[in-house]
Amino acid sequence: MQERLRISGLDKTFTLHLQGGTVIPVMKDANLSVSEGECVALAGPSGAGKSSLLRMIYANYRANAGEILIREQDTMTNIVTADPRKIIELRRSTIGYVSQFLRVIPRVSAIDIVAEPAVVQGRAGDDARDAARALLARLNLPERLWALPPATFSGGEQQRVNIARGFLSSYDLLLLDEPTASLDAANRRVVMDMIGEKKAAGVAIVAIFHDEEVRDAIADRVVDVTDFTDAERVA
Amino acid sequence: MNKQHYNFAYLDEQTKRMIRRAILKGIAVPGYQVPFASREMPMPYGWGTGGVQVTAAVLGRDDVLKVIDQGSDDTTNAVAIRGFFKKTAGVETTTQTREATVIQTRHRIPEEPLKAHQILVYQVPIPEPLRFLEPRETETRKMHALSEYGLMHVKLYEDITRHGHIATTYAYPVQVDGHYVMDPSPTPKFDNPKMQRMAALQLFGAGREKRIYAIPPHTEVVSLDFDDHPFSIQQWDRPCELCGARDSYLDEIVLDDKGKRMFACSDTDHCERRQSAQGEARHG
Amino acid sequence: MVEGDMKHGPLLRVNRLTKFYGARTGCRDVSFELWPGEVLAIVGESGSGKTTLLSCLWGDLMPTAGSIEYRMRDGRMRDVMRLSEAERRLLMRTDWGFVRQNPADGLRMNVSAGANVGERLMAVGARHYGNIRSEASDWLGRVEIATDRIDDMPRQFSGGMRQRLQIARNLVTGPRLVFMDEPTGGLDVSVQARLLDLLRGLVADLSIAVVIVTHDLAVARLLSHRMLVMRGGVVVEEGLTDQVLDDPQAEYSQLLVSSILQA
């Protein structure tokens, strides 16, 4: 199994300048490897740094030290030190990130929000929109919402749009932050199936699940982030 | 006014030298507006103070002067300026185009083609063709220097948009010698083609705006236009009622209070010569 | 010398750009590269130097020190400040654009919408009225102005329409680099949203590189890939836009981010 993600010696602290320079340690010497077709679940109590780790893999948060190597075909790129253009390119081609909250764009319809990353990856617009419709239908998003901008959607509706957006494109590495949090049982089932299909297609997945039942059903491995955030290690 | 008390042609010789230098520079850079130290003249601005200063600077004792306003020799402005030079320079004056060596004009170019020994002096109210769209002098100068004339076409574009055709009929912009775009003074565009490769020297004087510019003889003078809206001149569907000319610029003349009108040549000398030639033909 | 290949080299390279107003600092040692299709936001409060920087880039101000290099259409990097005035002005009305905060500063208010859009075409020699008009009409459509408004004067337009007209007027010559100074400032929120969405689409479709100066972090987040945070004339932080906004490192960036009202 080819390694898709390798994290080693990763450190992260927040320095709060507005609070007298308080330094909040988040992570010390984190190490993680994820291979193709593998789903690794991050576990740990709230505030343990699960989301921070996902964000660092996506380069949304900066790391203070260490490496996050991401495979793109035959090369491994360290996203911690990659220049912004390279990061943007990796986000387009390789890394998908389904955050907890949808960042809506004024006036852009749900369909187009879902289709956009696939179009950026080179899929024809009409084809991508057809696929987006199919995916939104599968996620039971009422058809009357498809052409509307999701700003006024409920939390669960927005989340399904967000999931569809992340799953429609073909990324080698998917980062999922509580993808099933505000979904009902039926939709949770659909998302679990979709994750299973991505795994079968060889996608490497790092996910945070709020629901242990879902986590245990999907994850190949559970990594406890408190191992990286242990008081003694962080100190 | 006693002519004895004035220098020849009113202006002192130093002033004339200054104006001649401006004229020479204007000739050297065709279409370029040369600033000059315009003098107060014994007439109001707008009555041809620029043209008068240019005429005064080029006039010699042997010159024969003709002054026209709207093509006519006998309008107030023309009569006054002719009288002015008669008094201050004592030069011979004429109403006949072919006899004149210097012709000062407002609004028209004579119908009869001018010759190499003649000078045509235009009175110009607003010399800057870009002023309509660009109020900053620093910017218009830069635009002239760099031949950036897109704005002139913006003006013509607006014409077509509003009127369906280029509705500018007076002061129609021309490009001189492939560089400077110039306002040919408020002559009708009918006269623009006459400026092209004219044998006579053309001088332009703007007194209030303190600018002189020139077109040397035989210079390319092209009227701006669009490929699909080419430059064209006014046409009348009737001939001159006095001389029967079909190729001259016609004025509409109101004849009485009942609205009776007629169309006749605006160039009175041209019209009269044609009429007398026809009379001779009839009587001869 | 042609550096790299055209697609993958930087379009604009700013090196240690500095502007002093007497003893006062306008901006100091600002360096960045901008690549084709990349949107760079320069954020900061009034007096941060962002407007000085923009004015230097556009040539309204002469920098005290530093260089501005631009990749011309022939692939050569040229020092913009060493171009002849004719070259620079040609560059600015063909390959560059400038969208000003107040549309009245970027439009000719006394000529029609069509002529406003057509002006750049005429400036580079377009001489076919019909073609100019159809191109202008096409651009009005792209910025969502009804094409039957083509003969109306900008003063008859709302603020948002004027701003969209200004955008069309700039984009008609297919510029590769557009500067924007608070393009959504002074507009109603709903009008802002429409404009932002339009800009986002046009910039992406046409792959235009943009330097956008704004104090509005939401605008920066929506439009830009990268961001420079300026304060007191210097760049205090730079990076990917979402990185700077979500994990700001510098004290001033943290203050700026924490000052946003959450809707």
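In what follows, chains carry the letters A, B, and so on, assigned in the order in which the sequence lines appear, proteins first and then strands, with residues in each chain numbered from 1.
- For chain C, the nearby part of A/Phe14 is the side chain; its heavy atoms alone come within less than 4.5 Å.
- Looking at C/Arg221, the atoms closer than 4.5 Å to chain A (heavy atoms on both sides) all sit in the side chain, from C-beta outward.
- Ranked by heavy-atom pairs under 4.5 Å with chain A, the list C/Glu38, C/Arg226, C/His225, C/Glu251 is led by C/Glu251.
- Nearest heavy atoms, C/Arg200 versus A/Val108: NH2-CG2, 3.7 Å.
- The number of heavy atoms from other shown groups lying within 6.0 Å of CZ (C/Arg28) does not exceed 12.
- Taking C/Asp242, C/Leu196, C/Leu255 one by one and counting their heavy-atom pairs under 4.5 Å with chain A, the maximum is reached by C/Asp242.
- Residue contact with chain A, scored on non-hydrogen atoms closer than 4.5 Å, is absent for C/Ala204.
- Contacts with chain A were tallied for C/Leu240, C/Leu222, C/Leu245, C/Leu198; C/Leu240 has the most, counting heavy-atom pairs under 4.5 Å.
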Using the rule given for side-chain contact (heavy atoms from CB on, under 4.5 Å), can you reason through A/Arg85 versus C/Glu33, listing the C-alpha separation, both sets of side-chain angles and the distance that settles it, and then say yes or no? CA-CA 11 Å; A/Arg85 274 171 292 279; C/Glu33 283 184 352; 4.1 Å; yes
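- Proximity to chain C is absent for every atom of A/Gln19, based on heavy atoms less than 4.5 angstrom apart.
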Where do C/Asp247 and A/Lys12 land on the side-chain contact (heavy atoms from CB on, under 4.5 Å) test, with the steps shown first? CA-CA 11 Å; C/Asp247 187 14; A/Lys12 173 67 182 170; 2.5 Å; yes
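- Note that the OG atom of C/Ser258 and the CG atom of A/Leu16 stand 10.5 Å from one another [nearest 0.5 Å].
- Proximity to chain C (any heavy atom under 4.5 Å) is restricted, for A/Ile87, to the side chain, taken from C-beta onward.
- Considering only heavy atoms from C-beta on, A/Arg62 stays 4.5 Å or farther from C/Asp246 through its side chain.
- Taken to the nearest 0.5 Å, the CH2 atom of C/Trp35 stands 12.0 Å off from the CD1 atom of A/Ile88.
- Residue with the most contacts toward chain A among C/Gln243, C/Gln192, C/Gln249, C/Glu238: C/Gln243 (heavy-atom pairs, distance under 4.5 Å).
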